[in-house]
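In what follows, chains are A, B, ... by sequence order, proteins preceding strands, each numbered from 1. Remember, predicted model here, so these are calculated numbers, not experimental data.
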There are 2 protein chains.
Amino acid sequence: MAHVGLTVERLTRAGAELADEIGFDQVTVSAVARRFGVKVPSLYSHLKNSQDLRTRIALYALEELADRAAEALAGRSGKDALTAFADVYRDYAGEHPGRYAAARLRLDPETAAGSAGVRHARMTRAILRGYDLTEPDQTHAVRMLGSVFHGYVSLELSGGFSHSAPDSQESWSRILDALDALLRNWPAR
Amino acid sequence: MAHVGLTVERLTRAGAELADEIGFDQVTVSAVARRFGVKVPSLYSHLKNSQDLRTRIALYALEELADRAAEALAGRSGKDALTAFADVYRDYAGEHPGRYAAARLRLDPETAAGSAGVRHARMTRAILRGYDLTEPDQTHAVRMLGSVFHGYVSLELSGGFSHSAPDSQESWSRILDALDALLRNWPAR
DNA sequence: CCGTCTTGCCTAAAGGCTTTAGGTAATTCC
DNA sequence: GGAATTACCTAAAGCCTTTAGGCAAGACGG
């Protein structure tokens with residue numbers, strides 16, 4: 001077969017696209033090879049194994065998501081920042097369900113520490129600068145925001161809120177109102 | 001081989017146990033057959049296919065979780081109910097990570113409608129009777145609670161909060177305080 | 001008590017994904 | 001121009017899924 005020019009980057013990107021099309025857990029080395037019109041073993045000089053492919057897609061998605069979030073956060077603060085940040089997550093999951101699922105892949109601690117996950121955590125904390133929270137409440141709030149965003153998007157993606165009133169968009173918007181109110185009025189111990 | 005007495009129920013239960021031991025997505029028809037000391041094709045007279053097995057495990061876990069939640073909710077109201085209900089989820093996920101993962105399996109709408117998922121939704125709504133919320137805010141709050149519970153448990157399970165201060169238990173408890181405060185003080189539109 | 005029917009698990013087999021080992025042709029480099 | 005490297009290939013083994021068909025033991029009617 002002719003030279004196709006396989007690289008880890010191209011394989012990762014193709015895997016990410018494939019994830020959005022057929023679902024992250026349907027992404028296999030075979031499927032990616034097929035997409036490049038190449039025999040499966042050819043990928044093994046670029047990838048350690050199947051898990052390696054999945055991990056790379058996850059890191060790619062985390063990076064992409066963090067870039068979007070960072071851009072959305074620039075120049076905003078308070079509720080404005082909270083909403084923009086949250087919307088980045090929800091919109092990304094809507095546009096790229098496969099990549100979003102990839103971003104939720106459990107990474108081993110070392111890989112996680114070197115991933116864009118760290119940026120996500122820092123940005124979430126940055127949002128809280130617009131509110132009057134001190135440690136350890138700030139950390140509790142970081143964890144809660146992460147939970148709500150991930151939880152809502154994940155339930156919405158799995159069809160939890162579809163076909164029932166009120167509209168998911170309205171719930172999302174009202175939940176963000178509620179979170180803003182909560183952060184401005186975080187209960188003392 | 002001798003008569004083993006395979007039934008769909010026994011296969012489902014074994015699959016649920018296996019899920020907790022090796023992870024829900026490692027649960028295969030092969031693995032369950034192995035556990036019964038039986039050849040793989042023997043299971044196909046009880047199961048339609050691999051997805052059928054997974055779905056049954058999911059329904060089983062949803063049922064079990066709903067039973068526990070119902071028991072915890074009996075005789076409680078207000079914050080007491082909120083906490084007890086939330087703890088059931090978190091504890092179940094901690095004790096049975098594989099089953100919890102199974103309970104999050106995306107079911108097709110028809111299957112979902114006949115599942116214990118409906119009870120979960122009703123119970124969440126029941127908790128809100130202890131707070132002064134009217135529609136559509138009640139629905140928004142139901143969705144938010146579901147998101148936080150699922151999101152938190154899911155992040156905790158994937159190792160998000162381990163090895164970092166403060167303790168995850170403390171965050172959980174403070175987040176429940178915060179949710180209680182929020183529900184008592186839900187912002188008007 | 002005996003033959004038949006049914007039930008319950010088995011072997012055979014095909015197709016797909018993963019992964020390793022080793023081959024070949026084209027490109028790169030001295 | 002020849003040697004080394006690169007990039008993709010074939011071969012093959014192992015595991016999982018799923019369908020088709022077989023056999024033996026227990027259930028059941030005569």
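Set against C/dT11, C/dC9, D/dT10, the side chain of A/Lys39 has D/dT10 as its closest nucleotide. Picking from D/dT17, C/dC10, C/dC17 the nucleotide with the shortest atom distance to the side chain of A/Arg34 gives C/dC17.
Side-chain N/O atoms of B/His46 include none lying less than 4.0 angstrom from OP1 or OP2 on C/dG8. Considering only side-chain N and O atoms, A/Ser45 lies nowhere under 4.0 angstrom from the phosphate OP1 or OP2 of D/dA7. Between B/Ser30 and D/dT17 there is a side-chain N or O to OP1 or OP2 distance below 4.0 Å. For the OP1/OP2 pair of D/dA7 and a distance below 4.0 Å, the side-chain nitrogens and oxygens of A/Ser42 include no atom meeting the criterion.
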Protein proximity profile, nucleotides 18-24 of chain D - base contact B, sugar-phosphate-only contact S, no contact -, cut-off 4.0 Å on heavy atoms = BBB----
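We find that B/Arg119 and B/Asp67 are joined by a salt bridge, their nearest charged nitrogen and carboxylate oxygen being less than 4.0 Å apart. Using a 4.0 Å cut-off between charged nitrogen and carboxylate oxygen, A/Arg189 and A/Asp137 do not count as a salt-bridge pair.
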B/Tyr100 and B/His96: ring pair (Phe, Tyr, Trp, His ring centres under 6.0 Å), yes or no, with the steps?
-> CA-CA 6 Å; B/Tyr100 182 77; B/His96 300 297; over 10 Å; no
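With sequence neighbours excluded, the residues satisfying side-chain hydrogen bond (donor to acceptor under 3.5 Å, both in side chains) with A/Gln169 are A/Arg90. Applying the salt bridge (charged side-chain N to carboxylate O under 4.0 Å, His left out) test to B/Arg99 and every residue at least two apart in sequence or in another chain returns B/Asp20, B/Glu64.
Applying the side chain to side chain donor-acceptor pair (under 3.5 Å) test to every pair with at least one member in residues 72-86 of chain A, sequence neighbours left out, gives these pairs: A/Lys79-A/Asp177.
Summarising the geometry, the separation between CG on B/Leu47 and C1' on C/dC9 is reported as 14 Å, rounded to the nearest angstrom.
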Using residues 122-130 of chain B as the side-chain source, report each donor-acceptor pair under 3.5 Å to any protein atom, sequence neighbours left out, with the distance given to one decimal.
residue  : atom : partner  : partner atom : Å
B/Thr124 : OG1  : B/His120 : O            : 2.9
B/Arg125 : NH1  : B/Glu135 : OE2          : 2.6
B/Arg125 : NH1  : B/Gln138 : OE1          : 3.3
B/Arg125 : NH1  : B/Thr139 : OG1          : 3.4
B/Arg125 : NH2  : B/Thr139 : OG1          : 3.3

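A heavy-atom distance below 4.0 Å to DNA chain D is reached by none of the residues of residues 10-28 of chain A.
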